[in-house]
Peer 1: 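Input: one structure, supplied below.
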Amino acid sequence: MKRNLPLIFAFICGIVVVASDFIPHRPFNLMIDTLQNWFMIIVGFAILLGQISLFQSNIYKIQHKVSGWYYYLAGLISFVIMLVLGLLWGTQEYQGLLGHGLAVQAWLGSKPFDYLFDNAYLPLSATMFSLLAFFVASAAYRAFIIRSFESNLLMITAIIVILGRTSFGGMLTSWVPESYSFWHLPNLSDFIMEYPNTAAQRAIMISAALGIIGSSLRIILGIERSYLGSDK
Amino acid sequence: MKKLLLIFWLVIFCVTLFADNDIFWALDLPSDDGKALILNWNVAADSIHLQKADSLGMWVTIFSGQNQPASFTDSNLNPDTAYQYRLQYTHPQTGDSLSYTLQAQPKEQWFNLHKLSLLLFILVVSLAILYYIMAVKRGKDFYIRRISGLDSMDEAVGRATEKGKPILYVPGISDLDDMQTIASLTILSHLAHRVAEYDSQLIVPCKLSMVMSAAKEIVKEAYLKAGKPDSYKDDSVFYLTDDQFGYVAGIDGIMVREQPAANFFIGSFYAESLILAETGYSTGAIQTAGTAQAHQLPFFVVSCDYTLIGEELFAASAYLSRDPLQLGSLKGHDFGKLLVITTIILGVIAEIIGWHWFKAFFEGV
């Protein structure tokens, strides 16, 4: 029963959700929203599990002084500070246990939670995102090293696209007569992005969609069970 | 004589009715959930005013402007509720102010005809998958091509065991309502089983609590199945943070500190894909990635040793389990691909020879 009940639920929910996509009549058109609301309720409870896990794993690492334990301590302290500040004075329009904290707001310019969010969290998040630029450069360098016919092709295509997206690329091919405008680097770049690139991406998307249909069918019919923890 | 008069008035009444219908009429929006009406009019005027009666019977203007296009869709209505509309305009020649009223009721439809092509396609592909599953049950053997990204799992686990280093498994950043996450968890189940068999160590940081709960159950079951329940460590699957780049920072830290022998990035990834894969590359770990996000695949292909591209991610469970029923369903995918290719070719031919209905049918117009 422990194994069959989730399978029965998966079958019923799967069929209902598929049917409701094609039947706009009540009650089918309301079922997706209802199921999504149920999902959100479960997520709400699961957040607590996440916080407990965060505490447990970090405290364990700090207690056992694992390598870099001070990072875990910093993480926990940050978590507690944000939690306490949020509880005491609230966030933006929501008030906390001590109200809106007008005196604190006058001193900091915003609520303590929002102050830390804007001045600590956002810059840190942007810093992580900005690393992407350097990683793109290092990955591109490796991808463009000529080792085979394919990587050669990749490099030539990349050069055309990169140059075509800059004013320098347009300048380089400005001498090409208008009747051969296709060979202007910006036009060539647009062609590569619009046709071969889009075609390849759509091929991946279509095959992935077929994979999703197949996987969904396997789950609905109970053939695929490993997501339950075991395939038996 | 009386009869003639009666017939005359009856004819006049009918003509008036028809005439009215020709000037201002309403149609229920087809294939919808009964929340819209299409109001049409046919009047010789430069501008018109369209009004709707509110719950108190007061006329509220819902459209005021140019006569063309002579149609207006009133949406956000309640199904099976009667609505009163009034069309007002000034006759351009006589200058008379004219008005027409009507009552209409939106109806819920039992089938969305715009999605007929999609339904047929899903039915055909599903029937093909079921057919191949039945064929496998009857004992038919199908060839499945090698997927090197999945074959690398043994290599990765073996290397991690030899080096005494852990294996890092990242199940993506989407929740359980994303099929890629479900596919990722099925791969985690097989990987955890191998890890348990080899007595190696697994690290699964999760971005979302729901994924963490499911991953914990899956890993625990895999250890039980492998006959090593005592080797399972509850803190091997843990929650990091809901924030996208906080999650990346946490995983990067784990990769740099723990130096895992193998990294698996399997699931749904967005902007963080390259940051993860490049950091993993710098640590020298064997890296296997898999996603159906077409925009992130190039990053993984460049930085990882093996990449599961699109449908390979969804085929992984069948491929790894070698379950004949699941392998049969993979053949159904191949049939679906053949169907798509054939339809695209037919679509191109149909457009060339001017059969636009073919494209329109698949567009759901």
Side-chain angles (χ1 to χ4, degrees), chain A residues 18 21-26 29 36 39 42-43 46-51 53-54 56-57 60 67-68 71 75 121 124-126 128-129 131-132 135-136 138-140 142-143 200-201 203-208 210-219 221 223-224 226-232, chain B residues 31-33 108-112 115 119 122 125-126 129 133 175 177 179 182-183 185-186 189-190 209-210 212-213 217-218 220-221 225 235 238-239 243 245-246 248-249 253 257 271 274-275 278 292 294 297 299 302-303 309-311 313-315 317 321 323 325-326 329 332-333 336-337 340:
Chain A
V18 171
D21 202 44
F22 297 99
I23 305 172
H25 204 285
R26 279 173 292 183
N29 58 347
Q36 278 174 348
F39 181 77
I42 297 168
V43 167
I47 284 172
L48 195 65
L49 286 177
Q51 313 300 350
S53 162
L54 184 82
Q56 280 179 340
S57 67
Y60 177 84
S67 153
Y71 296 118
Y121 166 79
L124 285 170
S125 197
M128 277 311 292
F129 187 56
L131 286 176
L132 199 57
F135 285 136
V136 166
S138 66
R142 271 207 313 284
Q201 290 212 11
I204 292 167
M205 279 158 60
I206 290 170
S207 68
L210 286 167
I212 290 173
I213 293 175
S215 298
S216 307
L217 201 66
R218 285 202 299 267
I219 289 171
L221 297 178
I223 296 168
E224 163 71 72
S226 46
Y227 72 99
L228 294 170
S230 169
D231 51 2
K232 293 280 179 282
Chain B
S31 302
D32 79 330
D33 52 354
E108 290 168 297
Q109 309 297 315
W110 277 103
F111 183 70
N112 186 349
K115 291 187 176 175
L119 178 67
I122 289 175
V125 173
S126 301
I129 291 171
I133 289 172
D175 215 335
D177 56 346
M179 202 61 210
I182 303 275
L185 291 178
T186 62
S189 170
H190 294 281
S209 313
M210 286 277 281
M212 182 204 71
S213 307
E217 283 301 312
I218 283 167
K220 200 189 284 179
E221 284 274 353
K225 208 172 128 196
D235 60 347
F238 55 92
Y239 168 85
D243 178 66
F245 288 105
V248 177
R257 285 192 300 273
L274 190 63
I275 303 176
E278 277 295 287
L297 278 168
F299 298 136
V302 167
S303 304
I309 298 172
E311 62 157 350
L313 172 67
F314 304 105
S317 178
S321 68
D323 175 12
L325 291 182
Q326 293 203 42
S329 74
H333 294 191
K337 276 188 273 183
V340 170

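Note on naming: letters A, B, ... go to the chains in the order of the sequence lines (proteins, then strands), and numbering restarts at 1 for each one.
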Peer 1: Mind ranking A:Ala203, A:Ser57, A:Ser125 by heavy-atom pairs under 4.5 Å with chain B and telling me who comes out on top?
Peer 2: A:Ser125

Peer 1: Are side-chain heavy atoms of B:Phe238 and A:Leu54 found at a separation under 4.5 Å?
Peer 2: no

Peer 1: Using a cut-off of under 4.5 Å for heavy-atom pairs, which of B:Ala292, B:Ala183, B:Gly336, B:Gly253 has the most such pairs with chain A?
Peer 2: B:Gly336

Peer 1: Of the backbone (N, CA, C, O) and the side chain (C-beta and beyond), which part of B:Met179 lies under 4.5 Å from a heavy atom of chain A, both, or neither?
Peer 2: side chain

Peer 1: Pairing donors with acceptors under 3.5 angstrom, does anything connect the side chains of B:Thr186 and A:Glu224?
Peer 2: no

Peer 1: Between A:Gln56 and B:Asp235 (side chain of the first, backbone of the second, donor and acceptor by atom type, cut-off under 3.5 Å), is there such a pair?
Peer 2: no

Peer 1: Looking at A:Ile206, A:Leu48, A:Asp21, which makes the most heavy-atom pairs under 4.5 Å with chain B?
Peer 2: A:Asp21

Peer 1: Heavy atoms only: give me the nearest A:Ser67-B:Arg257 pair and the separation to one decimal.
Peer 2: O-CD, 3.7 Å

Peer 1: Can you tell which part of B:Val248 gets under 4.5 Å to a heavy atom of chain A, answering side chain, backbone, both or neither?
Peer 2: both

Peer 1: Looking only at heavy atoms, which two atoms of B:Leu274 and A:Ala139 are closest? And how far apart?
Peer 2: CD1-CB, 3.9 Å

Peer 1: Have a look at A:Pro24 and tell me which of B:Lys115, B:Gln109, B:Glu108 forms a side-chain contact (heavy atoms from CB on, under 4.5 Å) with it.
Peer 2: B:Gln109

Peer 1: So A:Ile223 and B:Ser329, do their side chains get closer than 4.5 Å, heavy atoms only?
Peer 2: no

Peer 1: Mind listing the closest non-hydrogen atom pair of B:Ala294 and A:Met205 along with its distance?
Peer 2: CB-CG, 4.5 Å

Peer 1: Is A:Val136 in contact with chain B via its backbone, its side chain, both, or neither, using a 4.5 Å heavy-atom distance?
Peer 2: both

Peer 1: Is it true that, when you exclude A:Tyr71 itself, more than 12 heavy atoms of the residues, nucleotides or ligands shown sit nearer than 6.0 Å to its OH?
Peer 2: no

Peer 1: Say you draw a straight line from CD of B:Glu311 to CD1 of A:Ile213; how long is it, rounded to the nearest 0.5 Å?
Peer 2: 11.5 Å

Peer 1: How many angstroms lie between atom OH of B:Tyr239 and atom CD1 of A:Ile47, to the nearest 0.5 angstrom?
Peer 2: 7.0 Å

Peer 1: For the interface with chain A, which of B:Leu313, B:Asp175, B:Leu297 has the highest count of heavy-atom pairs at distances below 4.5 Å?
Peer 2: B:Asp175

Peer 1: With rounding to the nearest 0.5 Å, note down the distance linking CG in A:Leu124 to CZ in B:Phe245.
Peer 2: 13.0 Å

Peer 1: Does any non-hydrogen side-chain atom of A:Arg142 lie less than 4.5 Å from one of B:Ser303?
Peer 2: yes

Peer 1: In terms of heavy-atom contacts, does CZ of B:Phe111 have more than 12 from other residues, nucleotides or ligands at under 6.0 Å?
Peer 2: yes

Peer 1: Calculate, to the nearest 0.5 Å, the distance between atoms OG and NE2 belonging to A:Ser215 and B:His333 respectively.
Peer 2: 5.5 Å

Peer 1: Relative to chain B, which segment of A:Phe129 carries a heavy atom at a distance below 4.5 Å: side chain, backbone, both, or neither?
Peer 2: both

Peer 1: Determine the minimum heavy-atom distance between B:Val302 and A:Ala143, stating which atoms define it.
Peer 2: CG2-CB, 3.7 Å

Peer 1: Taking every non-hydrogen pair under 4.5 Å, which of B:Ile309, B:Asp323, B:Ile122, B:Asp32 racks up the most with chain A?
Peer 2: B:Asp32

Peer 1: Quick check on the interface: out of A:Ile219, A:Leu217, A:Leu131, who has the most heavy-atom pairs with chain B under 4.5 Å?
Peer 2: A:Leu217

Peer 1: Measure across A:Ile23 and B:Trp110 and return the closest heavy-atom pair with its distance rounded to 0.1 Å.
Peer 2: CG2-O, 3.5 Å

Peer 1: Under 4.5 Å from any heavy atom of chain A, what part of B:Val340 do you find: side chain, backbone, both or neither?
Peer 2: side chain

Peer 1: How close do B:Met210 and A:Val43 get, counting heavy atoms only, and between which atoms?
Peer 2: CG-CG2, 3.8 Å

